[in-house]
Every structure is written in structure tokens, then in C-alpha cells.
Amino acid sequence: MALKALSTRRLVKSEDLNHHKTLFAGRCSEWFVESCFVAVATALPPQNTVCLKIHGMEFLHPIHSGDILTFESKIISNGRSTLTVYCKVYKDSTPEDLFCEGFATFVHVDDNTRPQPHGIVIVPETDEETNLNAIAKELTLVSKKKK
């Protein structure tokens, strides 16, 4: 199964800034997870989906009040009960200039919050998807080894 990328946008306002008057990392992280969650919610019931882990986010340059950010999220890998989403973030005015990227893994759960198989199989269709799928699988293995 191949799923389309989902785009969400956010206007950076003064209340989203840190003491340096640039986008607060916590606010961007919130938007990042929300965008990834919405991508998963297009494939699974949202009430049975919980975030398990954010796999690295690196902020590459400052973002200021008035900037509009695009969060482009796509389910890129699956486990038995998990789905991993890749998200890239960029300013609408300069989409070629990546601001941030990373992965988030979500778990499909039953009503008692126990992991539940979701039956989704992600099949990469492009070289980029194949590369991102391999990275996501490696991140998942590293996480499992830490437990």
C-alpha cells in the first residue's frame, strides 16, 4: 500500500516564539507530531492511535513571526501494530530550503491501550520512499534494542 503525503500549514505568531524571538522548538515539535498524527489518522481510527516516539528532529535555521510553515507528512514504514511517519518542514516561501525533518512512530491500540495489529503494509514506490523506509526500519530496530 502506498499512501499520499499530507500537508498541513501553520502561521508562526508572536506567542509561538522563544526568548530569541524565533520559533520555540516545543511549539514546532507539537505541530510536527500533530501533522504526523493526522497522516496516520487517514489510515487508522484516530481514537485507536497513540504516539510512541519521535525519532530525532534537528532545526536547521531560525523561523520568525509571520513565516508560514508547511509540514509534509507521509506514512513510510509499518510494523505489526506500528506505523512510522516521515515529516519534513519548510517555509512556504522557500520549499527547497528544509527547516526540519524527522520521523514519528505511532501504535495502533485496542480499547484497553494494548497494541493491536492494523493490517497495513507499506510498499515503497520511489527511490526516496525506499531510502526513507530503510531509515525508519533502522530507527525502529535501534529503539527495540534499547528496551
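Donor-acceptor pairing under 3.5 Å is lacking for the side chains of T82 and T105. A donor-acceptor contact under 3.5 angstrom links the side chains of S73 and S35, judged on distance only. Y86 and E72 form no side-chain donor-acceptor contact under 3.5 Å, judged by distance and modelled atom types alone.
Between F59 and C28, the shortest heavy-atom contact is CE2-SG, 3.6 Å. Smallest separation of non-hydrogen atoms from S93 and P95: C-CD, 3.7 Å. The two residues F32 and E101 come nearest to each other via the heavy atoms CE1-C, 4.3 Å. The two atoms that bring L98 and Y90 nearest to each other are CA-CB, 4.4 Å, heavy atoms only. Contact record, I75 with A39: CD1-O, 3.7 Å, taken as the closest heavy-atom pair. For the pair L11 and G66, the tightest heavy-atom approach, listed with the atom from each and the gap, is CD1-O, 3.8 Å.
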Derivation and outcome, side chain to side chain contact (heavy atoms under 4.5 Å, CB included), residues K91 and T94: CA-CA 5 Å; K91 286 193 329 187; T94 55; 3.7 Å; yes

Stepwise side chain to side chain contact (heavy atoms under 4.5 Å, CB included) check, I135 with F103: CA-CA 9 Å; I135 293 168; F103 296 83; 3.6 Å; yes

Side chain to side chain contact (heavy atoms under 4.5 Å, CB included) evaluation trace for F99 with I63: CA-CA 8 Å; F99 164 63; I63 296 294; 3.2 Å; yes

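Linking ILVMFWY residues whenever their side-chain heavy atoms come closer than 4.5 Å, directly or via other members, places V85 and I120 in the same cluster. By the rule that hydrophobic residues join a cluster once side-chain heavy atoms approach within less than 4.5 Å of another member, I54 and L23 end up as members of one cluster. Under the 4.5 Å side-chain heavy-atom criterion for Ile, Leu, Val, Met, Phe, Trp and Tyr, I76 and V38 are members of distinct hydrophobic clusters.
A donor-acceptor pair is defined here as one N or O able to donate and one able to accept, closer than 3.5 Å; no such pair exists between the side chain of D67 and the backbone of V12. Not a single donor-acceptor pair under 3.5 Å links the side chain of N112 to the backbone N or O of R114. N78 places a side-chain N or O within 3.5 Å of a backbone atom of I122 that can act as its donor or acceptor partner. Formation of a donor-acceptor pair under 3.5 Å by the D16 side chain with backbone atoms of K13 is found in this model. For the pair T113 (side chain) and V109 (backbone), a donor-acceptor distance under 3.5 Å is absent. Under a 3.5 Å cut-off, the side chain of H108 and the backbone N or O of R80 do not form any donor-acceptor pair. Side chain of T140 to backbone of A136: a donor-acceptor contact under 3.5 angstrom is found. At least one donor-acceptor pair under 3.5 Å links the side chain of T126 to the backbone N or O of E129.
The shortest side-chain heavy-atom distance between F37 and P46 falls under the 4.5 Å cut-off. Using a 4.5 Å heavy-atom threshold, the side chains of L83 and H118 count as touching. Residues K21 and S65 fail the side-chain proximity criterion, which asks for heavy atoms closer than 4.5 Å.
Around the CG atom of D97, the shell of radius 6.0 Å holds more than 12 heavy atoms that belong to other residues, nucleotides or ligands. Around atom CD of E128, no more than 12 heavy atoms belonging to other residues, nucleotides or ligands sit under 6.0 Å away.
Between the NZ atom in K88 and the OG atom in S7 there is a gap of 9.0 Å [rounded to 0.5 Å]. The NE2 atom of H64 lies 8.5 Å from the CG atom of L17; values are rounded to the nearest 0.5 Å.
Salt bridge annotation for D92-R9: present, with a cationic side-chain nitrogen under 4.0 angstrom from a carboxylate oxygen.
Remark: of the listed residues L44, D110, N48, V107, D110 is the sole one forming a side-chain contact (heavy atoms from CB on, under 4.5 Å) with Q116.
By the 30° and 60° cut-offs, the orientation of the rings of W31 relative to F71 is perpendicular.
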